[in-house]
Amino acid sequence: VELTALPGGDAVAADQVLYNLSRRGVEWDLLPWCREAGVAVMAYSPIEQGRLLRAKGLDAVARALGATPAQVALAWVLAQGAAAIPRSGSPEHIRELRGAVDLHLPPEALDALDQAFAPPRGPTPLEML
Ligand SMILES: NC(=O)c1ccc[n+]([C@@H]2O[C@H](COP(=O)([O-])OP(=O)(O)OC[C@H]3O[C@@H](n4cnc5c(N)ncnc54)[C@H](OP(=O)(O)O)[C@@H]3O)[C@@H](O)[C@H]2O)c1
């Protein structure tokens, strides 16, 4: 499918896709296309429904920054220029997630995350949950 032929045309305000550290396929062509077209990207399941929090490589970055794995995972999505829609039924978790907005990820943290969660090396079918 040609991205330029997607239905919706000028009426498309945002593209909501599965996007988190463990699901980076959209970075290959969809995200650049959205950026070019002025379409906002909204990341659903930004912490992979909680599974990402146990992933290797996230904890070390979080500890180095004095943050939690959930905050780092969410701050990373925001640092990519995407909006994120985490879900939680726990006030404590929501407060924790809110902390991601104020968390700056320095270049060394971004590098460490790239090492642990590799960006795509080619076109990748859109993943869904
Ligand atoms: N467009 C689509 O096709 C699509 C598909 C899937 C989802 N979505 C939307 O995306 C939103 C979020 O997606 P999602 O619910 O699939 O995944 P998510 O936000 O990545 O993960 C939600 C899970 O993470 C847990 N959690 C949240 N904060 C946490 C924290 N600080 N520490 C530990 N666990 C934490 C929650 O449990 P607690 O409640 O215990 O905190 C919940 O089980 C939803 O509003 C959903 O409607 C859209």
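Please read all numbers here as calculations on a predicted model, not as lab measurements. Both ligands and their constituent atoms are indexed starting at 1 by order of listing.
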Do NZ/NE/NH1/NH2 and the carboxylate oxygens of Arg24 and Glu27 come within less than 4.0 Å?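 Salt bridge: yes.
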Should [X] and [Y] count as side-chain neighbours, where that means a heavy-atom distance under 4.5 Å?
X	Y	answer
Trp76	Val61	no
Pro69	Leu52	no
Arg35	Val41	no
Asn20	Leu74	no
Val17	Cys34	no

What is the nearest protein non-hydrogen atom to [atom], stated with its residue, atom name and distance?
atom	value
atom 14 (P) of ligand 1	Ser45 OG, 3.6 Å
atom 11 (C) of ligand 1	Ile85 O, 3.0 Å
atom 7 (C) of ligand 1	Tyr44 CD1, 3.5 Å
atom 40 (O) of ligand 1	His93 ND1, 3.6 Å
atom 1 (N) of ligand 1	Gln16 OE1, 2.8 Å
atom 15 (O) of ligand 1	Arg87 NE, 3.0 Å
atom 26 (N) of ligand 1	Ile47 CD1, 3.6 Å
atom 21 (O) of ligand 1	Gln49 CA, 3.1 Å

Does the protein come close to atom 46 (C) of ligand 1 - that is, does one of its heavy atoms sit below 4.0 Å from that atom?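 It does not; no protein heavy atom is within 4.0 Å.
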Any N/O of Ala70 closer than 3.5 Å to an N/O of ligand 1?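 The answer is no, given that Ala70 and ligand 1 share no N or O pair closer than 3.5 Å.
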Could you say whether the N/O atoms of Gly89 and ligand 1 ever approach to under 3.5 Å?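 Indeed, backbone or side chain, Gly89 has an N or O that close.
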By number and element, which atoms of ligand 1 are closer than 4.0 Å to a non-hydrogen atom of [X]?
X	value
Pro86	19 (O)
Ser88	27 (C), 38 (P), 39 (O), 41 (O)
Leu53	32 (N), 33 (C), 34 (N)

Test of understanding: clusters of I, L, V, M, F, W, Y form through side-chain heavy atoms closer than 4.5 Å, transitively. Do Leu30 and Tyr19 belong to the same one?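 Linked, Leu30 and Tyr19 end up in one cluster.
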By side chain to side chain donor-acceptor pair (under 3.5 Å) - contacts of Ser45 (at least two apart):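 So Ser45 forms no side chain to side chain donor-acceptor pair (under 3.5 Å) with any residue.
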Co-members of the apolar cluster containing Ile47 [side chain, <4.5 Å]: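 Members other than Ile47 - counting any ILVMFWY side chain reachable under 4.5 Å - are Leu53.
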When you measure from atom 28 (N) of ligand 1 to each heavy atom in Leu18, Leu97, Leu129, which option holds the nearest one?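 Looking at heavy atoms only, Leu97 sits closest to atom 28 (N) of ligand 1.
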Side chain Gln71, main chain Glu96, donor-acceptor under 3.5 Å: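 Such a contact is found between Gln71 side chain and Glu96 backbone.
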If we ignore hydrogens and angles and just use 3.5 Å, is the side chain of Tyr44 paired with the main-chain N or O of Leu129 as donor and acceptor?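 Yes, Tyr44 side chain to Leu129 backbone: donor-acceptor pair under 3.5 Å.
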Contact partition for Glu96 relative to ligand 1, non-hydrogen atoms under 4.0 Å: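 It is the side chain that touches ligand 1; the backbone stays farther off.
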Can you tell which part of Met128 has a heavy atom less than 4.0 Å from ligand 1: side chain, backbone, both or neither?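 Answer for Met128: neither.
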